[in-house]
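Here's the structure, in C-alpha cells; my notes come after.
Not measured: the values here are computed from a predicted model.
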Amino acid sequence: MIIEASPATCHWGFFDAALTPVMTIESGQEVTINTVSGAPQVLPGAGYHVPPELLEIHASGVPAMPGHLLTGPVAVAGAMPGDVLQVDILDVQLRQDWGYNVIRPLVGTLPQDFPETHATTIPLDAARNEAVMPWGLRLPLAPFFGVMAVAPPPGWGRISTIEPRAHGGNLDNKELVAGTTLYLPVFNEGALFSCGDGHGAQGDGEVCVTAIETGLQGRFRLTVRRDLDLTYPQAETVEHLLTMGMHADLDRCVEIALRRMISLVSERAGISREEAYMLCSLAGDLRITQTVNREKGVHMMMSKKLLEPAV
C-alpha cells in the first residue's frame with residue numbers, strides 16, 4: 001500500500017482530529033508513505049529533481065500559518081482512545097537529490113545573533129549517502145522523519161505542527177531512523193497517523209531551526225497495542241529504550257524524560273524506583289532533542305542489555 005503526496009493527501013501546518021483519513025489499514029499492516037517538504041521560496045535552481053506533487057501543493061495555496069507539510073492521516077482499523085499505536089519504522093529513503101537549510105532572524109536557539117535570512121540548497125548524494133556542504137564537507141546522511149504523530153485529542157481543535165506534544169508531532173528526534181519503533185498514545189478512533197518533515201541529517205538540538213529538510217519515503221508497520229499503558233510518546237531503538245520530555249522549559253523536559261525512564265526501567269528490570277533512579281544516574285544518557293520548537297525536547301536513553309535478568 002502506497003500513499004502518494006498530493007494536495008488530496010497532505011495537510012500543511014496543522015493537526016486536527018476532524019481530518020478525514022486518506023487510507024484505512026488493518027492493525028499490523030505495512031504502509032509506504034511519500035512525503036514532500038518546503039515552501040516555494042526554498043525550491044532549488046535548475047538541475048535538481050523537484051517532485052511534481054510539491055509544485056501541485058504549492059499551486060493549491062500555501063498555509064496561513066507556518067508549519068510542516070504532512071502526508072496522511074492513515075486510519076488503523078480498531079484503534080480506539082486509550083490504545084497505543086506501535087509505529088515500526090521499517091525503511092526510510094530519499095525522494096530527491098537536494099535538501100535545504102534556512103536560518104531566519106528572531107528564531108532558533110540564538111534568535112538575536114543572525115539578523116538576515118540565510119537559505120542554502122544542499123545537494124544529496126544517495127549513492128554515497130552523503131550531503132555535499134557549501135564548503136566541500138561530505139556529511140553522512142541519517143534520514144528520519146522529524147514529524148510522526150497520531151491526531152491530537154478532539155478537544156484541542158486545530159493545532160500547529162510546530163510544537164511536539166503528547167500525540168507526537170514535531171519530535172525532531174534523530175534516533176528515530178529505520179529500524180526503530182515509536183509508541184504513540186491514541187486519542188481518536190483509528191489513531192490517524194501522519195508523517196513528514198523529512199530530515200537528511202540533523203544534530204541533537206537542531207539549533208538553527210532546520211535540519212537538512214527534504215522529501216522522504218517511509219515504510220511503516222502500524223500496530224494497535226492494548227497491552228501498553230502510555231500517555232506520552234516513547235521509543236525503542238535496536239539497543240536502547242528512549243523516553244521523551246517536551247516543555248518550553250528545558251529543565252522540565254529533563255524531569256519529564258527522567259521520570260518516565262525511571263518508571264520504564266523499574267517495570268522492565270523488576271527493580272524499585274530507587275534502584276531505577278540510581279541506574280539512570282549511572283548508565284542513562286540525557287540528550288537534548290531540540291531547542292527550537294517553542295516546546296523544547298529532551299530524550300533519555302538506556303541500554304536494553306542493562307535491564308536483562310541477572311545470570
For V292 and V107: C-alpha separation, side-chain torsions, deciding distance, then whether side chain to side chain contact (heavy atoms under 4.5 Å, CB included) applies.
CA-CA 7 Å; V292 296; V107 296; over 6 Å; no
In one Ile/Leu/Val/Met/Phe/Trp/Tyr side-chain cluster, 4.5 Å: V31, V36:
no
Those residues at least two apart in sequence (or on a different chain) that pass salt bridge (charged side-chain N to carboxylate O under 4.0 Å, His left out) with E4 are none
When every non-hydrogen atom of G99 is compared with those of I212, the smallest separation belongs to CA-CG2, 4.0 Å
Are P44 and V50 packed together at the side-chain level, in the sense that at least one heavy-atom pair is separated by less than 4.5 angstrom?
yes
Any side-chain heavy atom of V298 within less than 4.5 Å of one from M300?
no
Single-linkage hydrophobic cluster Y277~L286, side-chain heavy atoms < 4.5 angstrom
yes
*With the 4.5 Å side-chain cut-off for hydrophobic clustering, are L307 and M301 part of the same group?*
no
Review item, side-chain donor-acceptor pairs of residues 166-173, under 3.5 Å, at least two apart:
unit_1	atom_1	unit_2	atom_2	d
N170	ND2	I162	O	2.9
N170	ND2	N293	OD1	3.2
D172	OD2	N293	ND2	2.8
N173	OD1	E175	N	2.9

- Message: Check this for me: E189, atom CD, are more than 12 non-hydrogen atoms of other residues, nucleotides or ligands nearer than 6.0 Å?
- Response: no
The complete set of ring pair (Phe, Tyr, Trp, His ring centres under 6.0 Å) pairs with one or both residues in residues 222-251, sequence neighbours excluded, reads none
What one should report as the nearest heavy-atom pair of S27 and V224 is OG-N, 2.9 Å
Pairs of donor and acceptor atoms involving the side chains of residues 180-187, under 3.5 Å and at least two apart or interchain, shall be tabulated with distances.
unit_1	atom_1	unit_2	atom_2	d
T180	OG1	V177	O	2.7
T181	OG1	D88	OD1	2.7
Y183	OH	E236	OE1	3.4

The reported gap from CD in E295 to CZ in R165 (rounded to nearest 0.5 angstrom) is 4.5 Å
One should read off an interatomic distance between T35 OG1 and I3 CD1, to the nearest 0.5 angstrom, of 11.5 Å
### Message
Keeping H58 on the side-chain end and G61 on the backbone end, is there a donor-acceptor pair under 3.5 Å?
### Response
no
TODO: Under the side chain to side chain contact (heavy atoms under 4.5 Å, CB included) rule, what do V87 and L222 come out as? Steps first, then yes or no, please.
DONE: CA-CA 5 Å; V87 181; L222 304 180; 3.9 Å; yes
Verify side chain to side chain contact (heavy atoms under 4.5 Å, CB included) between E30 and L90, making sure each step is shown before the conclusion.
-> CA-CA 9 Å; E30 294 182 14; L90 304 176; 3.5 Å; yes
When rounded to the nearest 0.5 Å, the distance separating CZ of F14 from OG of S160 is 11.0 Å
same_hphob_cluster(I288, L242) at 4.5 Å side-chain heavy-atom cutoff:
no
Item checked: Side-chain donor/acceptor of Q29 to backbone N/O of M1, under 3.5 Å -> no
Is a donor from one side chain sitting under 3.5 angstrom from an acceptor on the other, for T210 and E213? no
Which atom pairs, donor and acceptor, lie under 3.5 Å between side-chain atoms of residues 127-137 and protein residues at least two apart or in another chain?
unit_1	atom_1	unit_2	atom_2	d
R128	NE	E130	OE1	3.2
N129	ND2	L141	O	3.1
E130	OE1	R138	NH1	3.0

- Output yes when a side-chain donor or acceptor of E206 lies under 3.5 Å from a complementary backbone atom of A211, and no otherwise. yes
Task: Test item: K304 side-chain N/O and V238 main-chain N/O as donor-acceptor pair under 3.5 Å - done: yes
Quick note, side chain to side chain donor-acceptor pair (under 3.5 Å) partners involving residues 102-117, not counting sequence neighbours, are T109-T291
- Okay, side chain of T214, backbone of G200: is any donor-acceptor separation there less than 3.5 Å? no
TODO: Find out whether P123 and D97 are in side-chain contact, i.e. whether some heavy atom of one side chain is under 4.5 Å from a heavy atom of the other.
DONE: no
Query raised in the report: Under a 4.5 Å cut-off applied to non-hydrogen side-chain atoms, are K296 and P164 in contact?
Result: no
* Answer yes if the side chains of R95 and Q217 hold a donor-acceptor pair under 3.5 Å, and no otherwise. => no
Quick one: does H11's side chain get under 4.5 Å of L19's, heavy atoms only?
yes
Smallest heavy-atom separation, Y100 atom then S37 atom, equals OH-OG, 3.3 Å
When the side chains of residues 148-155 are checked against the rest of the protein, which donor-acceptor pairs come out under 3.5 Å, sequence neighbours left out?
none

One should read off an interatomic distance between L54 CG and H49 NE2, to the nearest 0.5 angstrom, of 9.5 Å
Here the pair of heavy atoms bringing L139 nearest to A201 is CD2-CB, 4.3 Å
The reported gap from CG in D197 to NE2 in H68 (rounded to nearest 0.5 angstrom) is 4.0 Å
Hits for side-chain contact (heavy atoms from CB on, under 4.5 Å) against A283, two or more places apart or cross-chain, chain-then-number order -> L279, M302, L306
| task | Please confirm whether the backbone N or O of L124 pairs with a side-chain atom of W98, one donor and one acceptor, at under 3.5 Å? | result | no
Go through it in stages, so that I can follow the logic: the residues are T20 and V22, the test is side chain to side chain contact (heavy atoms under 4.5 Å, CB included), and I'd like the CA-CA distance, side-chain angles, deciding distance and then a yes or no. CA-CA 6 Å; T20 301; V22 301; over 6 Å; no
Note: P63 and W12 closest approach over all heavy atoms is CD-CD2, 3.2 Å
Residues 141-154 vs side chain to side chain donor-acceptor pair (under 3.5 Å), sequence neighbours excluded, gives none
Which atom pairs, donor and acceptor, lie under 3.5 Å between side-chain atoms of residues 250-270 and protein residues at least two apart or in another chain?
unit_1	atom_1	unit_2	atom_2	d
S263	OG	R259	O	3.3
S266	OG	I271	O	2.5

Centroid-centroid under 6.0 Å between F145 and F220 rings: yes
Side chains of T243 and H299 only: does a donor on one sit below 3.5 Å from an acceptor on the other?
no
When rounded to the nearest 0.5 Å, the distance separating CG of L176 from SG of C195 is 12.0 Å
Residue pairs passing the side chain to side chain donor-acceptor pair (under 3.5 Å) test with at least one member in residues 147-158, sequence neighbours excluded, are D16-R158
Are I33 and L216 linked, directly or through other ILVMFWY residues, by side chains that come within less than 4.5 angstrom of each other? yes
Give every donor-acceptor pair under 3.5 Å between a side-chain atom in residues 70-84 and any protein atom, sequence neighbours left out.
unit_1	atom_1	unit_2	atom_2	d
T71	OG1	N34	O	2.8
D83	OD1	R226	NE	3.4
D83	OD2	M80	N	2.8
D83	OD2	R226	NE	3.4

Nearest heavy-atom contact between F114 and I103 is CB-CG2, 3.9 Å
